[in-house]
Amino acid sequence: MAVTIGVDLDNTLACVDLLYAEVAEALGLGKFRGMNKQEVKGALVSQDGDETLWQKVQGQVFGPWYQKASVFPGASEVIEGWLKLGHKVLIISHKTRRGHFDESQTDLHEAARQWLKDRALVGHGMLSAEDVIFRTSRDEKVKAIRQKDCEIFIDDLMEVLSHEQFPETCRPVLFCPLGDSGTNNLTVATSWSAVEKRVFDMLEKA
Ligand SMILES: [Mg+2]
C-alpha cells in the first residue's frame with residue numbers, strides 16, 4: 001500500500017551542522033575546527049555574552065553558505081526507492097524567510113530550493129517543487145504534517161515529533177546522526193540505511 005512519507009530538511013536530509021565551524025572561522029570569529037554546532041554556539045555565546053554572534057553565524061549557514069551542505073549519505077537513494085514503490089514523499093521544513101544579520105538578504109526558502117535542485121532531489125525524476133513545503137514556525141510545520149496526511153515523518157527534532165499537535169495517525173522516526181542517546185521512547189534511526197529499515201518495518205506491520 002502506498003503511503004505519504006514526510007521528511008524534514010535541515011539535519012535530516014541536508015547535513016548542515018558541519019557548516020557552523022567553517023562559517024564562524026570564515027567570519028574571523030576565532031578557531032573552531034572540529035567543533036560541532038553546540039560547541040560553536042557555546043564558544044560564541046561565551047565570547048560576546050549574548051547570542052548576537054551566534055545568530056550572525058546561523059544567518060550565514062542557512063543563507064549564502066547553505067549550498068555547501070551535503071546530503072546525508074544514502075538519503076537520495078532511499079527516497080528514490082520509496083518513489084519507485086509508489087509512495088508519496090514530501091519535504092516539510094520549518095524555516096524563516098530571512099536569516100539574522102544577513103547583509104546579503106538571501107531568501108532562505110529559495111536557497112533551500114536551489115540546494116534541492118542542485119542535489120537532484122527535486123527534478124530529475126525525483127520530487128517536484130510542490131512536494132517541498134516551507135512553514136515559518138514549528139506549529140505551522142506540524143499543522144502541514146497533519147494537513148498532508150503524512151503516515152510517517154522523519155525529523156531530527158524531538159520537539160517536532162512529540163509536539164502536542166503531531167497527528168496520532170502519523171508514525172514518527174527520530175533521525176539521530178550522532179547516535180542514539182537512548183533518552184527517548186521514539187523509533188530512532190542513526191543513518192539513512194536505518195531510516196529505510198525502520199520505514200520498511202512500519203509498512204510491513206501496517
Ligand atoms: Mg531538522
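Note that ligands are numbered from 1 as they come in the structure, with each ligand's atoms numbered from 1 the same way. Please read these numbers as outputs of a predicted model, since none were measured by experiment. In what follows, residues are counted from 1 in the order of the sequence shown.
- Below the 2.8 Å limit, the Mg ion (ligand 1) has as protein N, O or S neighbours Asp8 OD2, Asp10 O, Asp156 OD1.
- More than 12 heavy atoms of other residues, nucleotides or ligands sit less than 6.0 Å from atom CZ of Phe101.
- Pairs engaging residues 33-61 under the ring pair (Phe, Tyr, Trp, His ring centres under 6.0 Å) rule: Tyr20-Trp54 [sequence neighbours left out].
- Partners of His109 by side-chain contact (heavy atoms from CB on, under 4.5 Å), not counting sequence neighbours, listed by chain and number: Lys95, Arg97, Asp107, Phe134, Thr136.
- Side chain to side chain, Asp102 and Ser104 meet the donor-acceptor criterion of an N or O pair below 3.5 Å.
- A salt bridge does not link Glu22 with Arg33: none of the charged nitrogens is closer than 4.0 Å to a carboxylate oxygen.
- Residues passing the side-chain contact (heavy atoms from CB on, under 4.5 Å) test with Asp8 are Thr12, Lys141, Phe153, Asp155, Asp156, sequence neighbours excluded.
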